[in-house]
Amino acid sequence: MTHTNFPDQRSRDPSVTSDATLAALILCTIQGDQTTLGVLFNRYAAMVHRTALRLTMSPDEADDVVQDVFIGLPEALRHYRERGTFESWLTAIAVRVALMRLRAARSRENNRPRVDACATGGQEQQHADRLSLAAALARLSEEHRTVFVLKVVEGFGHDEIATHLGIRRGTSEVRLYRAIRHLRAFLETE
């Protein structure tokens with residue numbers, strides 16, 4: 001699979017400037033207009049990709065998330081209610097799709113035979129993984145990384161995170177605390 005270069009959000013279509021225009025784009029997209037879906041894609045694909053990449057840590061998986069989000073967007077827009085910004089709503093959709101893909105991948109991984117870490121040069125890879133924050137994030141458990149990314153990078157509140165992940169607010173707070181503690185430990189051992 002090839003990594004896709006998505007348009008940067010700064011290169012937005014100049015015709016998309018107002019809430020009324022966004023509402024018109026949404027209505028046309030719901031009605032099946034592929035041109036308006038393309039306009040929404042050009043405007044928001046880079047944002048969706050960045051969110052997905054932070055969660056999945058894989059450019060290919062992030063590409064797949066973008067594809068899934070925009071393929072399902074006309075149907076999802078039927079349930080869109082103007083609470084908060086459209087960007088926040090679309091980010092929440094991207095988070096749900098990314099988490100579903102991660103869960104499916106984890107399920108497939110649990111059904112594969114295990115490979116001995118020493119046979120794959122695990123110690124050398126561990127040393128290389130400590131070289132950057134991105135590598136440290138990759139070492140976090142999916143649960144901790146997801147909460148960290150949603151809170152620190154995406155700016156969601158603990159209540160929103162709890163809702164998206166189907167956990168309690170306190171669980172979100174504990175996972176964030178543990179993620180930060182693990183990140184500090186990973187980075188100190190560089």
Side-chain angles (χ1 to χ4, degrees), residues 3-104 133-134 137 140 142-167 169 171-173 175-176 179-180:
H3 173 64
T4 308
N5 289 322
F6 294 104
D8 191 327
Q9 219 173 348
R10 291 174 292 214
S11 63
R12 291 182 175 181
D13 183 316
S15 65
V16 184
T17 56
S18 70
D19 290 340
T21 304
L22 179 60
L25 286 171
I26 290 170
L27 180 60
C28 290
T29 301
I30 290 171
Q31 294 171 347
D33 184 339
Q34 294 299 306
T35 302
T36 56
L37 179 60
V39 171
L40 290 173
F41 178 87
N42 287 336
R43 185 172 185 185
Y44 298 107
M47 178 192 75
V48 169
H49 191 268
R50 280 190 302 275
T51 299
L53 183 60
R54 289 175 184 136
L55 291 170
T56 64
M57 304 296 289
S58 163
D60 289 339
E61 282 294 320
D63 288 349
D64 291 345
V65 169
V66 172
Q67 180 179 346
D68 291 350
V69 166
F70 283 93
I71 285 173
L73 191 59
E75 181 60 32
L77 285 170
R78 295 179 196 282
H79 307 286
Y80 173 63
R81 303 295 174 259
E82 294 183 34
R83 294 182 213 136
T85 66
F86 180 75
E87 288 87 352
S88 296
W89 177 82
L90 191 57
T91 297
I93 297 280
V95 167
R96 280 195 295 275
V97 171
L99 292 175
M100 287 187 324
R101 292 188 69 82
L102 286 170
R103 288 181 190 122
L133 178 58
L137 278 170
L140 288 177
E142 180 185 323
E143 293 173 338
H144 293 145
R145 182 178 60 245
T146 300
V147 171
F148 181 85
V149 167
L150 292 177
K151 178 69 175 154
V152 176
V153 178
E154 296 296 332
F156 284 97
H158 283 293
D159 289 331
E160 292 172 296
I161 294 169
T163 299
H164 289 310
L165 300 179
I167 59 176
R169 175 191 171 95
T171 303
S172 175
E173 292 169 346
R175 287 181 184 176
L176 177 63
I180 292 170

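Below, all heavy atoms of this structure are taken into account, side chains as well, without hydrogens, waters or symmetry copies.
- Looking only at side-chain heavy atoms (C-beta outward), L77 and L40 come within less than 4.5 Å of each other.
- The CZ atom of R81 sits 10.0 Å away from the CH2 atom of W89 when rounded to the nearest 0.5 Å.
- Atom CD of E160 and atom CG of L165 lie 11.5 Å apart (nearest 0.5 Å).
- F156 approaches K151 most closely through the heavy-atom pair O-CD, 3.1 Å.
- Side-chain contact check for D68 versus R101: some heavy-atom pair is nearer than 4.5 Å.
- The two residues R169 and A162 have their closest heavy-atom pair at N-CB, 3.7 Å.
- Between atom CG of residue L37 and atom SG of residue C28 there is a gap of 11.5 Å, rounded to the nearest 0.5 Å.
- Ion pair E75/R78 flagged as a salt bridge, since at least one NZ, NE, NH1 or NH2 atom sits closer than 4.0 Å to an Asp/Glu carboxylate oxygen.
- Scored by the side chain to side chain donor-acceptor pair (under 3.5 Å) test, T91 finds no partners at all (sequence neighbours excluded).
- Counting all heavy atoms, side chain and backbone alike, R54 lies closest to R145 at O-CD, 4.1 Å.
- When side chains are defined from C-beta on, L73 does not count as touching I93, because their heavy atoms never get closer than 4.5 Å.
- Evaluation of the ring pair (Phe, Tyr, Trp, His ring centres under 6.0 Å) test over residues 51-78, restricted to residues two or more places apart or in two chains, returns F41-F70.
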Side chain to side chain contact (heavy atoms under 4.5 Å, CB included) between M57 and E142, worked out = CA-CA 10 Å; M57 304 296 289; E142 180 185 323; over 6 Å; no
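- Annotation: salt bridge (charged side-chain N to carboxylate O under 4.0 Å, His left out) contacts of R96 (sequence neighbours excluded): none.
- Closest approach of F148 to A179, counting heavy atoms only: CB-CB, 4.0 Å.
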After noting the C-alpha distance and the side-chain angles of I26 and F86, does the key distance pass the side chain to side chain contact (heavy atoms under 4.5 Å, CB included) rule?
-> CA-CA 10 Å; I26 290 170; F86 180 75; 3.9 Å; yes
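- Partner of R175 under the side chain to side chain contact (heavy atoms under 4.5 Å, CB included) criterion, out of I180, T146, I167, L140: I167 alone.
- With rounding to the nearest 0.5 angstrom, the NE2 atom of H158 is 10.5 Å from the CG atom of L150.
- Checking T51, V95, L55 one by one against V149, the side chain to side chain contact (heavy atoms under 4.5 Å, CB included) holds for a single residue, L55.
- Nearest heavy atom pair, residue I161 against residue S172, reads CG2-OG, 3.4 Å.
- Atom CD of E154 sits about 10.0 Å away from atom NE2 of H164, to the nearest 0.5 Å.
- Between T56 and A98, the shortest heavy-atom distance links the atoms CG2-CB, 4.2 Å.
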